[in-house]
Protein chains: 2
Amino acid sequence: MNTHPFYAILFSVYLFKVNIFMNISPPPITSKDVAKLAGVSQSTVSRVFISGSSVAEKTKKKVFEAAKTLNYRPNAFARSLTTSESKLIGLVFPDADYPIHMKTLQLISSELQKIGYSAVLIPWMVNEQEQHSIPNIFQYRVDGVIAASATLNKSLYEECEEFNIPIVQFARVVEGTKGSHVISDNYAAGQIAANHFYHCGVKSAAYLTGNVPTFTNDERNAGFSSEFEDLTGQKTCVIEANYDYLDSLEMIRTFLSENKNTDGIFCATDNLAMALMDIARLEFGLRIPEDIQVIGFDNVPQTEWLNYQLTTFKQDFKRLARESVKIVIDHITKKETSLVKLMIPATLIERKTTQYKR
Amino acid sequence: MNTHPFYAILFSVYLFKVNIFMNISPPPITSKDVAKLAGVSQSTVSRVFISGSSVAEKTKKKVFEAAKTLNYRPNAFARSLTTSESKLIGLVFPDADYPIHMKTLQLISSELQKIGYSAVLIPWMVNEQEQHSIPNIFQYRVDGVIAASATLNKSLYEECEEFNIPIVQFARVVEGTKGSHVISDNYAAGQIAANHFYHCGVKSAAYLTGNVPTFTNDERNAGFSSEFEDLTGQKTCVIEANYDYLDSLEMIRTFLSENKNTDGIFCATDNLAMALMDIARLEFGLRIPEDIQVIGFDNVPQTEWLNYQLTTFKQDFKRLARESVKIVIDHITKKETSLVKLMIPATLIERKTTQYKR
DNA sequence: CTGAAAGCGCTTACAG
DNA sequence: CTGAAAGCGCTTACAG
C-alpha cells in the first residue's frame, strides 16, 4: 500500500469562486406579524400552533392562512425557553465505521421526527485531549440521550445524571452504568447458534470474539456454551481475537493451526466471521461448510456477497430504534419512572456457511 | 435465506422494570444565581461567558468560581433567542448504510465542536409519505447545512434558500442546485486510474458504474476515458450496473461474458469492484490481476481484506470535512459571500488487483 | 470595567 | 374562546 510520487504532478487543489448575490436577510416573521395579518392577538397565534389548545375553528383557519402567506415558522428557541423542553434528543455513537450504525441513526432520527423531536449528535471521545470538555450541544439541554457507543464515557454519564437527563443504551450495555437499555436477546441468540450447530452435526465448537469484553458479548457466549454443552456434552472454547478484521488475523491463524478438529465457530461479529472464512479458505485450504461451519452476528451487507453467504443473526434494529425512542420519551414525560431493560429476539438467517446433517 | 420456525419457541420478549428514585429536577441554575453568589450583576456574568468581552480578571475569576460551585451552564436557548444565531449546523446524510459516512459524520461533528457549533441530523426522505413535511429541526433555524446526500431533496434546498441558510455539499454535487461544495478531484482521479492502467499494460479498459448518474461520477469517467485514449489510442467502454452489490451482479455477468478481452476495469465504488472480483473469480475463473485488473473507489475497510486487496482511491475525508465546515462557517459569518467550489485530490492506494508491466 | 434596563419570541396563568 | 401581561434566561446598547 503506497502512493506513487509519479502522480504527484497531477495533484493540486482547484478553487473556484463565483460571486453571488447575497440577500440581506429580512427580519424574520414572528407570531406578532401573523397576529396582525390575521386580525387576532399574538397569544391566539401561539395557541393555534400548540396542539390541544382550544381555539375556534374559524380563528384557526384565519391564522393558518396568514402564517402560510408570511411563511411563518414558530421559533423553537423561544418555545424551549418558556417550556424548558428542548425537544432534542442527543445521540452518542461509536466512531468505528460500523455499517450498521448509519442505518440505525436514520431509524432513530426518523422515529424521533414522527413525534416532534429532533436528533442532535453528541461527539464523544473524538479527541483524547478534549475528553473532558462538555459537548456544546449540552448547552441546549437535550431532553434525553440515546447511546449506542460500547465505550460510553463515564463523564457523559455523570453529566446526564447531574442534570437529570434520561439516557437509554441502544443495543449494548456498558458495565458499571445503571440506566435503561434495549438490546437484542444475546443469551437466546447464543442458544440458537448452539442449537443450529448441533443440528448441523458440529462436534467441536468455539466462540470467536473481540478483545474488549462487553456485556452483550458475554451473554451470547454464555447462552452458546451452556446450550452446546447441554446438547452434546462437549465444552466450547473461546478465541479472543480483535474486533478489527486485520488485527484479528493473527489470533485466528494461531487458533486454526492449533485446533484442527474444531468444526464449528460462532463469531461475535460478521467481520470476525469473514476474517475467519478468508483465513480458513485461503491459508488453510478448508472448505466451508464441509470442513468447518461458521455463524456470524449482525447481518452486514457483506454477508450476502457471493464469496461469503454467511449464516448470521439479524438484529431487529427497526424495533430496537422504535423501542429506545419510546423508552426515552416515556422517561422524559415521566410516564415511566422505573429503569426499563428490554430484550428483543434476534433472528438466525441461514445461508451457506452451515449445513444440516441430522 | 430463511428463518426456521423451529426456533420460534425460543423467541419471546423479556421486559424488566426496576423502580428507581427519580429526583424532581431542582430549578435550573441561571446567570442570576451566579451573579448573586459572585456579588456582581447578571450582565457581568453574561459577559464573562462571552469571549472577547472586557471584564476585569478578578471579576472573571470570581464569576467562574461561583459558576463552578453552582454547576452553571449558560442556556443556549436564551442566547440563541437574543443573538438569533443557533450555532447549529444541520447534516443531511444518505440513508444507504455506506460505511464511509459514519466516519464522515464523526469528522464533521468534531470539527464543528471545536469552533463552538453542534451538529443536528436532518432526517430527509425517510418516509415517502411525509416527504413534504419540514423536519422539526428547522424550527431551530440551523445556521447552515452540510449535505452529503446524493439525492438532495429539492424542497430542502428551497427551504434553505427561503430562509437564507447557506448550504454546502459534501463530496458530491447534486444536479440543478447551485451552492458551495467541496469534493474530491474526480476528473484527476479518473486520469490517474487511466495512467495507472496504462503502466500496468491494460489494453482494453472499461468504467463500471452505478445506475444513478451523478456529477462526480461523470467527471471520473470523463477523466478516465480521455486520459486512457490519449495514452493508448483506445476508447474505453462504460458498464452501467447498480450501486447495490447484489443488484449489480447480473449486469457484470453479462458484460464479462460478452467482453472477453477487457483486461482492466475502473469501478465507481469499491462495492462494485468487489462484486466484479467475486464474479470474475468465482464464475469466470479469471485471475486478478493476471487476467483482469481492477481499481476501485472509496477505500472501504473491505478493500484491505485478504480476499480482495483492492487497488483503490482514498478520498481525504478529514480534509473534506474540515473544508466543508470552514466554508459553511465563512458563509454564516459573511466572511465569504461567493459560492465556493473546492476540489481536493484523491490518492491512489496500490494493492494487489493491479500490477505494473512496463 | 460594570450595572440597570430593554428586548429577543414565545407560553401560560389570569380575566373576561 | 380570546386578549393583555408577565416571564423564560440570556445579550447588548447605553450610561456612568
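We name chains A, B, ... by the order of the sequence lines, and we start the count at 1 in each one.
By the side-chain contact (heavy atoms from CB on, under 4.5 Å) test, Lys318(B) pairs with Leu107(B), Asp316(B), sequence neighbours left out. Residues satisfying the side-chain contact (heavy atoms from CB on, under 4.5 Å) test with Ile165(A), not counting sequence neighbours, are Phe138(A), Val142(A), Val145(A), Cys160(A), Phe163(A). Contacts of Phe77(B) classified as ring-ring contact (aromatic ring centres under 6.0 Å, His included), with partners at least two apart in sequence or in another chain: Tyr140(A). With sequence neighbours excluded, the residues forming a salt bridge (Lys or Arg N to Asp or Glu O under 4.0 Å) with Lys335(B) are Asp330(B), listed by chain and number. The side-chain contact (heavy atoms from CB on, under 4.5 Å) test applied to Leu70(B) returns Ile29(B), Asp33(B), Val34(B), Leu37(B), not counting sequence neighbours.
If you measure from atom NZ of Lys62(A) to atom C1' of dC1(D), you get 12 Å, rounded to the nearest angstrom. For Lys61(A) and dC1(D), the NZ to C1' distance is 18 Å, given to the nearest whole Å. In this entry the distance linking NZ of Lys60(B) with P of dT2(C) reads 10 Å, nearest Å.
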- request: Step by step, work out the salt bridge (Lys or Arg N to Asp or Glu O under 4.0 Å) result for Lys68(B) and Glu65(B).
  value: CA-CA 5 Å; Lys68(B) 187 149 192 192; Glu65(B) 243 160 53; over 6 Å; no
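Stem analysis of DNA chain C (Watson-Crick or G-U pairs, both distances under 3.5 Å, runs of at least three) returns C:1-3 with D:14-16, C:5-12 with D:5-12, C:14-16 with D:1-3.
Counting only residues at least two apart or on different chains, the salt bridge (Lys or Arg N to Asp or Glu O under 4.0 Å) pairs with a member in residues 75-85 of chain A are Glu85(A)-Lys87(A). Listed by first and then second residue, the ring pair (Phe, Tyr, Trp, His ring centres under 6.0 Å) pairs involving residues 50-71 of chain A are Phe49(A)-Phe64(A) (not counting sequence neighbours).
Thr59(B) comes within 4.0 angstrom of the backbone, heavy atoms only, and of no base.
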- request: Would you give a per-nucleotide map of nucleotides 9-16 of chain D, 5' to 3', where B means the base has a protein non-hydrogen atom under 4.0 Å away, S means only the sugar-phosphate does, and - means neither?
  value: BBBBB---
